[in-house]
Amino acid sequence: MSHAFVPDDFVVPLELITPRFRLEPLGPQHNSDDLAAWTSSIEHIRATPGFHDRDWPPVDGMTSEENLDDLRRHADDFARRSGFTYTVIETTGDEVIGCVYIYPSRSDNHDTDVRTWVRADRAHLDVPLHEAVTIWLTNDWPLGTLNCHPR
């Protein structure tokens with residue numbers, strides 16, 4: 001999709017802050033921390049609702065340059081307002097612990113597909129992240145019907 005899926009006058013939030021984590025737009029500056037986060041948790045992420053039928057993360061991982069290309073694509077989507085990806089950062093240590101993807105749905109049953117994951121060593125934050133993002137998107141975003149892959 002190459003066009004915006006939020007209205008032109010909608011101000012896209014640049015953060016969500018909770019006591020346990022914060023979200024900020026994912027970009028090239030997160031490359032090494034993002035790569036470390038997901039490569040340490042491939043099996044865990046692939047078992048997370050919303051990732052069962054996808055080919056990401058790749059079982060064999062990616063090079064740093066491949067990951068950087070992926071982050072640039074997400075940042076470009078964000079800039080074009082065609083999709084929004086946020087990195088999830090632990091508030092107590094500034095570590096990247098997960099990711100949130102907000103994209104137009106591939107299904108006719110929903111307007112927006114929302115997927116979230118956390119590192120395996122932060123699995124206890126999976127439900128709090130999912131709940132916080134679902135509430136945030138429902139209350140503050142004009143996204144229509146959401147497919148949030150319930151926990």
Side-chain angles (χ1 to χ4, degrees), residues 1-6 10-107 109-134 136-137 141 143 146-151:
M1 177 175 206
S2 61
H3 64 280
F5 82 106
V6 294
F10 176 67
V11 178
V12 177
L14 297 181
E15 65 183 9
L16 172 67
I17 300 173
T18 76
R20 296 179 181 176
F21 49 81
R22 72 180 192 279
L23 275 58
E24 64 182 52
L26 179 68
Q29 70 275 19
H30 300 111
N31 190 40
S32 62
D33 293 336
D34 175 74
L35 184 63
W38 70 259
T39 57
S40 70
S41 303
I42 293 172
E43 208 171 293
H44 175 75
I45 296 167
R46 290 177 77 87
T48 299
F51 292 89
H52 297 117
D53 61 346
R54 303 182 84 72
D55 58 1
W56 193 92
V59 177
D60 296 330
M62 289 182 183
T63 66
S64 179
E65 189 58 39
E66 290 169 331
N67 196 67
L68 182 59
D69 288 344
D70 195 45
L71 299 188
R72 287 180 178 139
R73 179 181 57 80
H74 285 300
D76 184 53
D77 290 346
F78 202 106
R80 290 184 296 118
R81 300 166 62 93
S82 62
F84 304 96
T85 304
Y86 291 86
T87 191
V88 181
I89 301 172
E90 195 168 48
T91 55
T92 58
D94 287 336
E95 288 186 71
V96 170
I97 60 169
C99 210
V100 174
Y101 306 88
I102 307 161
Y103 277 86
S105 180
R106 297 177 180 179
S107 160
N109 299 328
H110 301 93
D111 297 309
T112 304
D113 188 37
V114 181
R115 290 177 289 117
T116 64
W117 63 263
V118 293
R119 291 184 342 205
D121 66 347
R122 300 300 194 283
H124 64 282
L125 293 175
D126 181 52
V127 171
L129 173 63
H130 176 265
E131 290 175 351
V133 167
T134 301
W136 181 50
L137 296 178
W141 287 68
L143 297 174
L146 303 176
N147 182 13
C148 292
H149 307 280
R151 300 305 195 256

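Just so you know, these numbers use all the heavy atoms, side chains as well, and skip hydrogens, waters and symmetry mates.
D111 has its side chain out of reach of S105: every pair of non-hydrogen atoms, C-beta onward, lies at least 4.5 Å apart. Taking the side chain as every heavy atom from C-beta outward, L16 and V100 never approach each other to under 4.5 Å. At least one side-chain heavy atom of L23 sits less than 4.5 Å from a side-chain heavy atom of W136. Two residues are said to be in side-chain contact when any heavy atoms from C-beta on lie closer than 4.5 Å; T91 and P19 fail this criterion. V12 has its side chain within reach of W141: a pair of non-hydrogen atoms, C-beta onward, lies under 4.5 Å apart. T112 places none of its side-chain heavy atoms less than 4.5 Å from the side chain of L137. Considering only heavy atoms from C-beta on, I102 comes within 4.5 Å of F5 through its side chain.
Aromatic ring centres of W38 and W117: separated by at least 6.0 Å. Taking the six-membered ring wherever Trp is involved, the centroid distance between the rings of Y86 and F78 falls below 6.0 Å.
Using modelled atom types, one finds no donor on one side chain facing an acceptor on the other under 3.5 Å when comparing R73 with T85.
Counting only distance, with no hydrogens or angles, the side chain of H74 and the backbone of F84 share no donor-acceptor pair below 3.5 Å. Under a 3.5 Å cut-off, the side chain of S40 and the backbone N or O of A37 do form a donor-acceptor pair. Here the side chain of R151 pairs a donor or acceptor atom with the backbone of H149 at under 3.5 angstrom. Judged purely by atom type and a 3.5 angstrom limit, R81 uses its side chain to pair as donor or acceptor with the backbone of F10. Formation of a donor-acceptor pair under 3.5 Å by the R119 side chain with backbone atoms of V96 is found in this model.
Residue D34 holds its CG atom at 12.5 Å from CD1 of I97, rounded to the nearest 0.5 Å. From F21, atom CZ reaches atom CG of L125 across 6.5 Å, with rounding to the nearest 0.5 Å. Atom CG of residue L35 and atom OG1 of residue T63 lie 8.0 Å apart, to the nearest 0.5 angstrom.
The one candidate from N67, D70, L68 that meets the side chain to side chain contact (heavy atoms under 4.5 Å, CB included) condition with P28 is L68.
Dense packing is recorded around CZ of R46, with more than 12 heavy atoms of other residues, nucleotides or ligands lying under 6.0 Å away.
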